[in-house]
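Accompanying notes for the structure given below.
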Amino acid sequence: MGRKDVSGRLAAEYQGLEVKVPSLFRCPISLDVMRSPVSLCTGVSYDRASIQRWIDSGNSTCPATMLPLPSTDLVPNLTLRRLIALWASTAAASSSSPAASAVGPTPAAAAAELLRQIADRSQDPCPALHKLAAFLSDDDVDEFDKNALARAAGAAETLVSVLRRRRADASVEAAVRVLAVMAASDCIEEENRKRVATALLSDAASSVASLARVLRSGSSLEARIDAARLVDSLLLCNARPDVKATVAESEEMVSGLIRLIGPVDGKGELDKRAVEAGLSCLATIAGTRRARSEMVRLGAVPAAVRVLATDAGSPCQALRVLEATVGCAEGRAAICEKADEAVPAVLSRMMKGGMGGAEAGVSVLWAVCHKYRDRRAVDAAAASKGGLTRLLLLMQSGCSPATRQMASELLKMFKVNAKSCLAGYDSETTHIMPF
């Protein structure tokens, strides 16, 4: 059975392994060495591709036992996969082994060669980086192989060394691409994701500065999205307050993230992937006190309101950004200045952001309408169709006591009662549950 090599092309890695191949390593269907062994409920393991074709053809029995399958769930056999990888590596490393010439470079060996090329300052690292990116992004490549590459000794450190080069060029963007896939892809194991974070944290200030440069002057939207995803993974994988502070205090970084959640063309269109990546980072650093006024100054409030109004990204994240900004006078002023847009946007979207979004939305409204009693915000809330009804229904849900109290105080301001409120409620256009 063929396997994709790091260049993205199929390599005959396991061809000719009929000599000294343990029978347990062969798929009962294809008789080839299994790339991705999975087990059926009958306890028999097959290569994923082979058994999936069998099931997709309409078969409802186990090919080896012919027993009926009450379930067609495929459970990865990680132990067997590791044994096969160990056997293949051992065979490849032994020049005297009859199977050695038939076994191509293992993912770790191929990765090591590419990493050597990347680390060599006399060579252009871009070709090798593009090969790594293609390998990690290819859905046809087995997850085990991708993780073998990600855990290769020195892989993350070598890639981060390219990222930290002093200028934002093609090689830096290519390194960001590879690191972003390693750090944010669902197929990469948590342990390997942490390797990337650890490498970045070895000099957090330098890493953040390099990523900020890509966010500012990246040659494409894709490069800037990758940089934001890498920042997000760095923030999520590490709870150190100094790391969040380093990100939050970089004007270049914050402005780049806000730019991501803004229009990407002259028509004012928002890119959903860019918005999600930028908002996630902003919501994480928004809790940093020193970042709030800077975020407001750079335009975070109108950008978050635009996201809510256009339904272009996570309402929960956008509401969390606004919740943080009302903690400073500049943030409240920015919301109230555009109250006719901001308040209806918060009311209309807060119930679609889960319980976290709903509670953040109430906090925003309570701050501008009740605590600081800005007349523009109060009038905008009172004029919002169905908005106050959402507050009443939120109080009847499983929200926190603090949120229930804030919602109650808002409703009292507008002298809303349950009977009149529910009578005007349009249940067909607002979806509230489940959170």
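No experiment lies behind these values; they were computed from the predicted model shown.
Side-chain contact check for Ile51 versus Pro63: some heavy-atom pair is nearer than 4.5 Å. Looking at Leu308 and Leu322, their side chains come closer than 4.5 Å, going by heavy atoms from C-beta outward. Leu270 has its side chain out of reach of Val264: every pair of non-hydrogen atoms, C-beta onward, lies at least 4.5 Å apart. Contact annotation: the side chain of Met413 approaches that of Arg373 to within less than 4.5 Å [non-hydrogen atoms, C-beta and beyond]. Within the 4.5 Å cutoff, the side chain of Lys338 has no heavy atoms near those of the Val305 side chain. A heavy-atom distance below 4.5 Å is found between the side chains of Met182 and Val178. With a 4.5 Å cut-off on side-chain heavy atoms, His130 and Cys126 count as touching. Residues Pro37 and Arg48 form no side-chain contact, since every pair of their non-hydrogen atoms from C-beta on lies 4.5 Å or further apart.
Only one option out of Thr72, Val38, Leu74 pairs with Gln52 in a side-chain contact (heavy atoms from CB on, under 4.5 Å); it is Leu74.
Inspection of the Arg164 and Ser207 side chains reveals an N or O donor paired with an N or O acceptor under 3.5 Å. Side-chain atoms of Arg195 and Thr198 form no donor-acceptor pair, as typed in the model, at a separation below 3.5 Å. Side-chain contact check for Glu330 and Ser293: no donor-acceptor pair (N or O, by modelled atom type) lies under 3.5 Å. For the residue pair Glu276 and Ser314, no side-chain donor N or O sits within less than 3.5 Å of a side-chain acceptor on the partner.
The pair Arg35-Asp47 fails the salt-bridge criterion, with no side-chain N (NZ, NE, NH1 or NH2) lying under 4.0 Å from an Asp/Glu carboxylate O. Taking 4.0 Å as the cut-off between side-chain N and carboxylate O, Glu294 and Arg297 count as a salt-bridged pair. Under 4.0 Å is where a charged nitrogen must lie from a carboxylate oxygen, and between Glu189 and Arg151 at least one such pair does.
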Practice task
List the steps and the verdict of salt bridge (Lys or Arg N to Asp or Glu O under 4.0 Å) for Arg165 and Asp169.
Solution key: CA-CA 9 Å; Arg165 293 181 180 176; Asp169 59 11; 5.7 Å; no
Problem - From CA spacing to verdict: salt bridge (Lys or Arg N to Asp or Glu O under 4.0 Å), Arg273, Glu222 - result: CA-CA 9 Å; Arg273 298 166 305 139; Glu222 291 293 336; 2.6 Å; yes
Exercise for the section: Take Asp311 and Arg349, measure what salt bridge (Lys or Arg N to Asp or Glu O under 4.0 Å) needs, and give me the verdict at the end. Expected result: CA-CA 8 Å; Asp311 192 19; Arg349 297 293 296 162; 2.4 Å; yes
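The minimum heavy-atom distance between Met355 and Leu394, with the atom names listed, is SD-CD1, 4.2 Å.
The environment of CZ in Arg116 is crowded: more than 12 heavy-atom neighbours from other residues, nucleotides or ligands sit within 6.0 Å.
Checking side-chain atoms of Ser206 against main-chain N and O of Asp203 turns up no donor-acceptor pair under 3.5 Å.
Among residues two or more places apart in sequence or in another chain, the side-chain hydrogen bond (donor to acceptor under 3.5 Å, both in side chains) test is passed with Ser400 by Glu359, Thr403.
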